[in-house]
Amino acid sequence: MDGMKLPKAYEPEQYEHDIYALWEKSGVFTADPHSRKEHFSISMPPPNETGTLSIGHALFLTLQDIMVRHARQKGKDALWLPGTDHAALAVNAIIENQLAEEGTNKHEIGREAFLERTRNFVGDSRETMLGQMRAMGASADWTRLRYTLDNALNRCVNETFVKMYNDGLIYRGHRIVNWDPNLETNVSDDEVIYQEEQGRFYTFKYGPFQIGTARPETKFGDKYVVMHPDDARYAQYKHGDTFEAEWINGPVTATVIKDEAVDPKFGTGVMTITPWHDHTDFEIAERHGLDKEQIIDFHGKLLPVAGEFAGMPIAEARPKIVEKLASKGLLVKTEGNYRHNIALNERGKGMIEPQIRLQWFVDVNKPVIDWKGKRCSLKEVMQSVVRDGDIRIIPGRFEKVYFHWINNLRDWCISRQIWWGHRIPVWYRTDTDGKEETYVGDQPPTDESEGWHEWEQDPDTLDTWFSSALWTWSTLIDPGLAQDYSLSLNDLLEKSPDFQAYHPTSVMETGWDILFFWVARMILATTYVTGQVPFKDVYLHGLVRAEDGKKMSKSRPESIINPLDVIPKYGADALRMALIMGVTPGNDQSWGWDKIEANRHFCNKLWNIARYIEDITGDKTDREGASPTAAADNWILSKLQRAQKKISGDLDNYRFSEAYDTLYHFIWDDLADWYIEASKTEPNRQLLAYLLEAVLLLTHPFAPFLTETIWQTLSWGNDSVLAGRELRDTLGSDSRRAVEFDELQTIIKEVRYIIKALQAYGVTLYYTDAALLSNNAEVVKRLGRLKAVTRVRDGTGLYLTNTRYSCWLDIDSDTAQAYAKELAGKHSAQQSVIDRLEARLANEDYVKNAPGDIVDQTRKQLHEAKELLGGIEQERKRFSGLSGRV
RNA sequence: GGGCUCUUAGCUCAGUUGGCUAGAGCGCUUCCUUGACGUGGAAGAGGUCAGAGGUUCAAGUCCUCUAGAGCCCACCA
């Protein structure tokens, strides 16, 4: 063992950093759009620059890295384009929190200072996160690192906005939006989450009606009562009737409205509406052309319409309003246990107050896109590409979820009132008479006309998903070309080599939780701008939950696993494999420390296999000259061939867990426990070296650091990196010789079993003339832990019943008697196998309907079972007849 | 209200188009210093695949229903 290069224990922390640096230096991660190889590409979902990476990021980095490394091994030119996201709202919420803690706010420090501070924050985050990606072994092409606020990407955002505006797909309008008074911005429908709350439900007298509400504070301006047109209780009231009613701040004139949106079974079947602060009410008002009045201001306080309550925050005003209505005799009843949902902003958890505001929207229903020769709306294109199979979603059940979301999709509100993000490329100016002019363009307008004030850019920014939606192609635009404003967006696409080579990307790998936010919107924007789908396959992984199966959450800091805490102790490879082991697409997994432990052991196992082979082969590294001689040699090669084919096929089909499982058992069971042990009798040194190389390659996508460390330490690669090597076809083997080893395994297993059961150690195995046994006597002796394996003319002792070869263990009859019971059990088990097989073959329908090869297989099984039963019976007879010697 | 997923060994989970005696990791029992690995090796124990019905020569796998767990979407004043 002296002079070995591989030290006794694998300590990942000692190697990982240097190995990563070596890869980067080697340039194997850098893609070449001009390569004649088949291209393969993945856009890395850009993590939000909000601090550090989570275990969920570790999962996606692992999955994508496996795909990319596997693609390289199969001889493809693979691009994995990394990047980060400015995460407008999420980052904005963090900075505003910081400011609040410092006792200030964004208005006090101003827009520029706010942006400067934000840039510093995300800059720090980015450095941390890129370091974490490297620590996971991510083989990304760092020469192409992108950021959603890069100039080139910003240009793509603006160009897309302008194109959509010119096509009439982007419009500005007064619509009801989800307003967050805390962050002072609106958010899209998808960013609203609902939380169940116990509240009170009040019923008030309103003229001749009774109306129910959980929100009395919105009721000041109510002047419409709405009921279902078919509600017989209110048949005497006609649509448009008016009446006088005493209300919070005095008498009002109310109008009767009949609308089918009202559920007659809920409450009294009558409601008043507040169109300014409720989505459903807004729609009713729109249908009937009713007035809308703002009751609550954008900071969550009541407006002058509330009279004496004006200026009060909602929570304070509510009980006082109820009190006042009660004192006027208008409160009919109060129900205490009313369960209803309150709307919150997913970011920052601020209460959402619907408001009508002038905002920018993407029209998803306007049919202005030429798609496959038809005029389609954005919605229709989104449906068509998945329905027609241009895009495949894995697992397939998410296609249903996707369609359901699109069916319910409303126009997408893309403007935000926060400062961090892509500013809306729209400018306004007014003339001295107050006439307004709008300019929409990628670059600010330069003309100045007399009588007009200066152009002012829209203060709002775009929803962060608007820029993310362009990610697969905006990142492939050549940054140099993007500075040339004489080129159109189409020119940029056509002239950018990366776009031409790598788009559509091969696969989008991301979590199911952002199927709507991101995946759907990439499809929307990319098909529209480029005429291509953004990716061919979508692979959706599940969430990594805490050990107790619940979500990891900041409110339970102990539940959060930080990859950087795991890696130094266990190695990135163990973490990677733990994250894919036993995990299926779209299903969540729970974090388990024992999985990580198991995989550290696995890494150690492979390390020791390498050490052993290094020890045996010494400097002999002539792997090219390897060829099989022993039965075991042929057997392990056929196993390797099968494993390689299975793993490769499984990876091609996104079956990561199965690929891993095959690899694990090939290495541990077949290679280490059987082949290496068997080879110790007479090592085939070149073949051992060959096998190590093959196994390092096969394992590399899963455990890149470990395999590269072994490769480099042994310096087998003449300065090449394992990460740059391609898979090769497995060395050929003789299948008949391979099967011989299967038979030897059967014999050895039975020997082990009997020895263990009878506690009879150091016995001799007898066999009659059989080349298989005589050629492999040493192997059987070693693996069966026998004293000797000896050829005899006629054997005595305990006869082996699992093999058709005639073998006996030299065990004295007293000891052997203990095995008689075992033999009886074996006999009945074998008999029931035979019964079952015979019954199956006796079934005419089976023989008639089942495929021929299945039936043949059954016949063969029956034949073999009968042969073995014969051996058992013979042996039992001997047992019953014997008294002294066997 | 609509939809999805899960229920398989003590625990955590695989099981691709239906086809040998249903698997893995961890845990458990017994034995073993065998030329790399005790982070190891060998031999085991442990499951009526949630329940009921159906389709089929054949069902953990397909269909229907039931029970339990989780999730998504919509949202009623």
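Throughout, protein chains are lettered first and strands after them, A, B, ... in sequence-line order, and every chain is numbered starting at 1.
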Participant: Of the options A77(B), C57(B), C71(B), whose atoms approach the side-chain atoms of Asn849(A) most closely?
Facilitator: C57(B)
Participant: Considering only the C1' atoms, how many Å lie between A59(B) and A22(B), rounded to the nearest integer?
Facilitator: 13 Å
Participant: When the ring planes of Phe398(A) and Trp512(A) are compared, do they come out parallel, tilted or perpendicular, using 30° and 60° as the limits?
Facilitator: parallel
Participant: Run the side chain to side chain donor-acceptor pair (under 3.5 Å) check on Glu283(A) and Thr280(A) step by step: do they pass?
Facilitator: CA-CA 5 Å; Glu283(A) 284 165 16; Thr280(A) 311; 5.6 Å; no
Participant: What integer distance in Å separates Phe266(A):CZ from A77(B):P?
Facilitator: 5 Å
Participant: On the 0 to 90° scale, with breaks at 30° and 60°, tag the Trp247(A)-Tyr206(A) ring pair as parallel, tilted or perpendicular.
Facilitator: perpendicular
Participant: Is any N or O donor-acceptor pair between the side chain of Arg785(A) and the base of U34(B) shorter than 3.5 Å?
Facilitator: no
Participant: Starting at the 5' end of nucleotides 39-45 of chain B, put B wherever the base has a protein heavy atom under 4.0 Å, S where only the sugar-phosphate does, and a dash everywhere else.
Facilitator: BSSBSS-
Participant: Could you tell me whether a side-chain N or O of Ser648(A) sits under 3.5 Å from a main-chain N or O of Lys645(A), the two making a donor and an acceptor?
Facilitator: no
Participant: Given the side-chain rings of Tyr402(A) and Phe516(A), with only the six-membered ring counted for Trp, is the space between their centroids under 6.0 Å?
Facilitator: no
Participant: Once rounded to the nearest 0.5 Å, what's the spacing between atom CE of Met227(A) and atom CG of Asp259(A)?
Facilitator: 11.0 Å
Participant: Nearest to the side chain of Thr584(A), which nucleotide is it out of G3(B), A14(B), C72(B)?
Facilitator: A14(B)
